[in-house]
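Since we're looking at a predicted model, the values are computed, not measured. Because only heavy atoms are used, hydrogens play no part in the values below, and waters and symmetry mates are left out as well, while side chains stay in. Naming: A, B, ... by sequence-line order, numbering from 1 per chain.
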Amino acid sequence: MSYDFKKIEYKWQKFWKKNQTFKTSNYSKLPKYYILDMFPYPSGAGLHVGHPLGYIASDIIARYKRHKSFNVLHPQGYDSFGLPAEQYAIQTGQHPQITTEANIEKYREQLDKMGFSFDWSREIRTSKSDYYRWTQWIFLKLFDSYYDTNEDKALPVSILISHFEKGGTQNLKVISNSKILEFSALEWNSFKPQQKEEILLNYRLAYLSETEVNWCSKLGTVLANDEIVNGVSERGGFLVEKKKMTQWSMRIGAYAERLIRGLEKIDWPDSLKEMQRNWIGKSKGASLRFKIKDISDEIEVFTTRPDTLFGVTFMTLAPEHEKVLKITSKTQYNSVKSYIKSTSKRSEIDRMSDVKIISGVFTGAYAIHPLNGEEIPIWIGDYVLAGYGTGAVMSVPCGDQRDYDFAKHFGITINNIFLDIDISDNAFTEKSGFQLMNSEFLNGLNYDQAIEKVISFIERKGYGKGKINYRLRDAVFSRQRYWGEPIPIYYKNGTPMAIEEENLPLELPEVENYLPTSKGSPPLGNAKNWAWDTAEKKVVSNKLINNKSIFPLELNTMPGWAGSSWYFYRYMDPDNNESFVGKEAVDYWQDVDLYLGGSEHATGHLLYSRFWQKFLFDLELLPVDEYAKKLINQGMILGSSAFIHRKSGTNDYYSKNILSKFNSELIRVDVSMVNSFDELDCKAIKNWQPQFNNANFIMENGKFIVTREVEKMSKSKYNVVNPDQICEAYGADTLRMYEMFLGPLEQAKPWNTSGISGVHSFLKKLWRLYHPSGSFNVTEKEPRKNSLKSLHQTIKNITDDINNFSFNTCISSFMICVNELTIQKCNERKILEPLSVLLSPFAPHISEELWSLLGNNSSIVREDYPLYDEYYLIESIKNYPISFNGKMRFTIELALNLSIKDIEEVVLNDDRTVQQLSGQVPKKVIIIPGKIVNVVY
RNA sequence: GCCUUGGUGGCGGAAUUGGUAGACGCGCUGGAUUCAAAAUCCAGUUCUUUCGAGAGUGUGGGUUCGAUUCCCACCCAAGGUACCA
């Protein structure tokens with residue numbers, strides 16, 4: 001009987017399902033192990049070969065841990081709110097729920113074929129109301145909390161109110177919006193309720209504020225940077241501009257310091273921690289106020305280099321800075337206006353990317369240098385970003401390269417304040433190795449001395465103060481979308497009020513149209529009968545009553561990251577109706593032991609979820625303030641996109657190598673129409689999209705060759721490869737092993753199907769070894785020494801490699817082992833039994849089949865089998881001959897300046913025979929069998 | 001631009017602490033088996049070569065007896081860049 005993977009895989013998948021093999025209990029005497037995958041967004045393109053990479057890796061670990069007697073929680077679910085389903089709804093009118101459910105069904109079918117050991121009884125979907133009810137509940141907790149810097153934690157707003165009632169804003173140590181009123185207890189108590197609510201909004205962790213957004217007036221909606229291409233909307237190609245809007249924000253900035261400190265105690269990749277640290281961007285410096293000439297106003301700047309204060313020769317404001325138009329002189333007004341207009345069309349990325357294009361405009365206004373009283377010109381430049389610091393910088397051309405380039409470009413004065421340092425070509429940006437000059441009382445000082453002196457000076461004089469600044473901005477939480485969690489807020493005379501907990505969920509209403517309303521309200525404004533009871537028993541509604549909308553509901557929805565910021569706790573207790581997670585469940589599972597996901601989430605999901613964790617920890621709702629002990633970034637499997645060249649202005653397409661000098665555009669084509677030699681199927685493409693119906697394809701040597709480019713796999717890039725065909729042709733075990741064999745787990749790699757036959761023939765070889773003449777055949781004889789050696793070498797290698805997550809080298813070890821066993825014609829039970837256990841995390845179906853052919857009961861927890869840790873010491877290593885080949889001798893002689901005769905004794909590095917060399921220096925040579933490793937002095 | 005990661009044969013990749021570069025797999029070449037094919041098995045496969053040898057881990061330097069590995073500068077690619085998920 002040949003290796004019939006279809007039959008075997010169908011058989012065991014059915015068996016596991018019927019026996020609920022992977023159902024996990026919240027109660028067990030075994031130690032717990034929670035292994036989590038980042039849950040997928042169910043996209044219309046189905047699961048692509050990149051998704052399973054992480055799931056296979058986590059499944060290997062989950063199955064391995066079960067063998068090692070852990071109670072393993074390995075759940076899966078769907079991040080099912082999101083933009084693509086909504087855009088599909090806009091195009092077709094199909095409700096996103098229907099789209100999403102169809103996609104989920106497809107995902108599940110694909111996942112089931114791969115033999116994952118997920119506990120599907122715990123499945124969650126962020127778009128189901130019994131899930132998002134709790135997302136809304138957490139929002140309300142955030143709305144009802146403020147950040148107390150004395151206790152360094154979030155506290156209920158009721159405590160803040162009682163503080164106001166007793167002492168007003170006096171001795172208040174909290175984090176709040178920048179512009180806040182100061183008031184006494186007496187004043188507070190005299191405020192009207194609405195006034196009080198407005199004040200409290202400045203302190204809440206979920207608060208309303210003015211934020212800048214990408215506004216497309218033609219679409220009547222806000223766009224993500226992702227949806228903008230070259231300054232116009234991807235959908236429709238309409239103009240996009242920056243606009244201020246009142247939006248919900250999350251005060252993640254309050255947690256900046258704790259988010260940095262928390263990184264120290266979690267085992268996450270250093271590169272990812274570094275990314276988060278840089279994203280939070282803590283910098284020490286000073287904030288300074290500059291008075292403006294002839295106008296009674298001042299501008300605050302933040303600088304990390306207050307030591308260079310005497311090198312300031314101008315000031316630069318972001319074009320969006322609120323005081324720009326106020327200070328601009330009459331003569332400069334028009335040029336400033338037009339500059340602001342032109343920069344409002346550029347995205348932040350564009351502005352940061354083209355630093356070579358220097359642009360700016362003079363406002364006509366002057367600031368007064370606080371220390372020497374000099375008048376310094378105020379410019380606007382788009383290299384200054386409104387969102388960072390105060391949106392204004394004191395420009396020190398001698399000490400900052402961007403200031404330097406700007407000054408050179410516009411002919412602004414550059415004053416050198418660094419003694420004996422040449423700045424004729426570039427700014428001097430080092431923080432050490434200089435002495436200041438031309439800096440009055442700072443002359444002769446170095447960086448550290450000057451910083452200290454200048455900060456104490458400006459603080460004494462009241463010009464400013466030392467300050468720690470974070471680059472991290474508060475997270476905007478409003479989305480003008482339909483397919484997201486409704487924000488459980490209604491408005492009473494314009495003031496946001498919380499919907500009571502017991503009235504959650506606030507269900508997403510039906511709408512006829514998924515676009516914004518004609519008046520520019522978010523899509524939820526289209527809902528006709530959307531109403532809610534509050535505790536006051538008054539109807540809250542966006543329905544017009546007597547032509548007036550009383551108590552309208554919030555029409556914005558939550559962003560995609562809301563539902564994914566706490567989902568890992570819901571898996572512990574997915575059916576709980578009383579709480580977002582039950583106390584018993586969370587006491588048992590505590591946190592995630594291993595989290596697998598892509599590094600593309602480093603500064604998004606992985607930061608927001610840590611923020612919510614810390615918040616829920618502050619409220620004593622969770623036992624730990626970091627939810628994942630260890631995290632591994634699996635590298636993305638990239639797609640290999642295909643492009644064809646169209647001659648500009650024609651419908652002629654040219655094969656890759658026959659392009660002449662004419663202008664051409666690159667057009668994406670679907671990779672399914674391209675074979676592995678990069679040849680395009682010209683017949684298929686004509687039926688693919690209407691634009692190709694009458695296209696001419698100019699071939700080379702009878703073939704049409706495409707241009708390839710490696711990039712992220714996505715439906716819109718037409719480079720998605722589905723795992724289904726591979727499962728169909730080779731089976732799940734082959735796919736699982738091949739994805740692991742492709743390369744190191746943590747490294748990004750382009751998908752390439754061509755190597756898969758090697759892994760497949762390994763499985764066939766293994767099968768054939770125990771089916772020598774068609775039927776299953778093992779002997780009960782004692783294995784030969786050679787076979788044992790192969791087995792135990794493999795056990796050792798696999799165990800080490802699993803623990804290091806080096807699954808690719810695991811597969812190599814299996815291949816070597818089976819090759820050796822084949823040569824030895826080994827078919828002893830005592831070899832096959834441990835081998836099938838060893839293989840089961842990687843290729844579970846074939847392993848189960850062989851295991852049961854041996855007459856064993858199928859069982860996932862094979863505790864009874866002494867493996868992994870208890871491999872035999874490989875006999876031959878004990879007596880491994882230490883061979884001095886020519887090179888080794890040469891190296892030792894050179895290194896020790898000895899002749900080989902002088903070396904009396906040698907050491908094995910496992911300390912079994914510690915020996916010494918003659919002579920005093922060096923003391924020993926450490927050798928592992930066969931090669932010299934190190935010389936210890 | 002900035003932050004993070006990576007760059008080794010025709011291809012994916014291996015190389016533990018700085019110590020024989022290219023494990024394992026794909027592909028390719030030759031052979032066995034076969035009427036033939038598929039499948040399977042065996043051998044070879046970094047490049048150059050005057051067959052002595054020489055070169056070689058993105059490029060250029062440096063440290064070292066010795067560098068894929070450590071240091072400096074640069075080039076290229078991927079991910080992120082705050083409303084894609």
Side-chain angles (χ1 to χ4, degrees), chain A residues 2 38-41 43 79 81-84 87 213-214 221-228 247 269-272 274-279 281 347-356 383 387 402 471-481 559-561 564 598-605 607 633 635-636 638 709-712 714 716 738 741-744 746-750 752-759 761-762 764-765 768 800 804 806 808-809 811-816 819 822 885-888 890-897 909 926-928 930-936:
Chain A
S2 63
M38 286 185 188
F39 61 168
Y41 172 79
S43 101
D79 189 11
F81 272 134
L83 202 48
Q87 288 191 330
V213 294
N214 299 311
T221 185
V222 175
L223 297 178
N225 281 337
D226 211 55
E227 298 172 275
I228 306 168
Q247 308 230 59
D270 287 337
S271 61
L272 188 135
E274 191 62 17
M275 261 190 262
Q276 292 207 345
R277 270 187 218 107
N278 291 334
W279 185 257
S347 77
E348 215 159 271
I349 290 181
D350 289 343
R351 282 169 58 178
M352 286 187 288
S353 304
D354 332 324
V355 284
K356 281 164 198 155
Y383 75 99
R402 285 166 308 177
R471 203 183 70 104
L472 182 69
R473 307 207 283 259
D474 278 351
V476 179
F477 199 73
S478 300
R479 297 291 183 271
Q480 293 69 43
R481 311 282 186 199
W561 57 266
S564 61
S599 65
E600 69 269 25
H601 300 284
T603 55
H605 160 64
L607 200 60
N633 289 129
M636 199 177 287
L638 299 162
E709 208 168 287
V710 170
E711 54 187 354
K712 207 168 158 172
S714 108
S716 62
Y738 182 58
F741 186 58
L742 218 49
E746 302 185 61
Q747 199 172 294
K749 48 215 166 251
N752 174 11
T753 312
S754 67
I756 201 164
S757 63
V759 172
S761 61
F762 154 76
K764 280 196 286 190
K765 218 177 213 180
R768 223 176 16 246
D800 291 350
N804 292 322
S806 303
N808 53 330
T809 52
I811 315 290
S812 291
S813 300
F814 278 125
M815 286 174 172
I816 293 167
N819 281 342
T822 303
N885 63 27
K887 193 129 186 175
M888 241 171 76
F890 173 75
T891 338
I892 292 173
E893 282 169 356
L894 269 178
L896 312 186
N897 203 12
N909 75 337
I926 299 178
I927 290 179
I928 50 171
K931 66 179 175 183
I932 175 163
V933 166
N934 207 353
V935 180
V936 178

- Query: How is A:H601 classified with respect to the nucleic acid when contacts are heavy atoms under 4.0 Å: base, sugar-phosphate, or nothing?
  - Reply: base
- Query: How would you label the contact of A:S813 with the nucleic acid (heavy atoms, under 4.0 Å): base, sugar-phosphate, or nothing?
  - Reply: nothing
- Query: Quick one: on RNA chain B, does A:G755 or A:K749 contact a more 5' nucleotide (nearest heavy atom)?
  - Reply: A:K749
- Message: Below the 4.0 Å mark, does B:C2 have OP1 or OP2 next to a side-chain nitrogen or oxygen of A:N278?
- Response: no
- Message: Given B:G79, B:G12, B:A14, identify the nucleotide with an atom nearest to the side chain of A:N808.
- Response: B:A14
- Query: Which is true for A:L472 with a 4.0 Å heavy-atom rule: it touches a base, it touches only sugar-phosphate, or it touches nothing?
  - Reply: base
- Task: Using the P atom on both, measure B:G6 against B:A55 and round to a whole Å.
- Result: 30 Å
- Message: Anti or syn, where syn is a glycosidic angle within 90° of 0; which label fits B:G18?
- Response: anti
- Across the strands shown, which category fits A:P750 at heavy-atom distances under 4.0 angstrom: base, sugar-phosphate, nothing? nothing
- Message: Using O4'-C1'-N9-C4 for purines and O4'-C1'-N1-C2 for pyrimidines, with syn meaning within 90° of 0, is B:G58 syn or anti?
- Response: anti
- Using a heavy-atom cut-off of under 4.0 Å over every strand shown, decide if A:Q87 touches base, sugar-phosphate, or nothing. nothing
- Query: Looking only at side-chain N and O atoms, does A:R768 come under 4.0 Å of OP1 or OP2 in B:C41?
  - Reply: yes
- Query: So does A:Q747 get a side-chain nitrogen or oxygen closer than 4.0 Å to the phosphate oxygens (OP1/OP2) of B:G79?
  - Reply: no
- Message: Nearest to the side chain of A:S757, heavy atoms from C-beta on, is which of B:A14, B:A85, B:G27?
- Response: B:G27
- Short side-chain N/O contact to B:U4 OP1/OP2 from A:N633, under 4.0 Å: no
- Separation between the P atoms of B:U69 and B:U81, rounded to whole Å: 33 Å
- Task: Sort out the partner of B:U50 for me: Watson-Crick or G-U wobble, both distances under 3.5 Å, none otherwise.
- Result: none
- Task: Kindly say if A:K712 contacts the phosphate of B:A78, meaning a side-chain N or O under 4.0 Å from OP1 or OP2.
- Result: no
- Query: From the list B:C84, B:A82, B:C24, which nucleotide is the closest neighbour of the side chain of A:D226?
  - Reply: B:C84
- Give a yes/no answer on whether the side chain of A:K765 brings an N or O atom under 4.0 Å of OP1 or OP2 in B:C41. yes
- Give A:N819 one of three labels, base, sugar-phosphate or nothing, depending on what nucleic acid heavy atoms sit under 4.0 Å from its own. sugar-phosphate
- Across the strands shown, which category fits A:R277 at heavy-atom distances under 4.0 angstrom: base, sugar-phosphate, nothing? nothing
- Item | Side-chain N,O (A:N225) to OP1/OP2 (B:C84) below 4.0 Å | no
- Message: Just to be sure I understand the rule, does A:Q480 reach a base, reach only the sugar-phosphate, or reach nothing, if contact means heavy atoms closer than 4.0 Å?
- Response: base
- Query: Checking all strands, does A:E274 fall into the base, sugar-phosphate, or nothing category for heavy-atom contacts under 4.0 angstrom?
  - Reply: sugar-phosphate
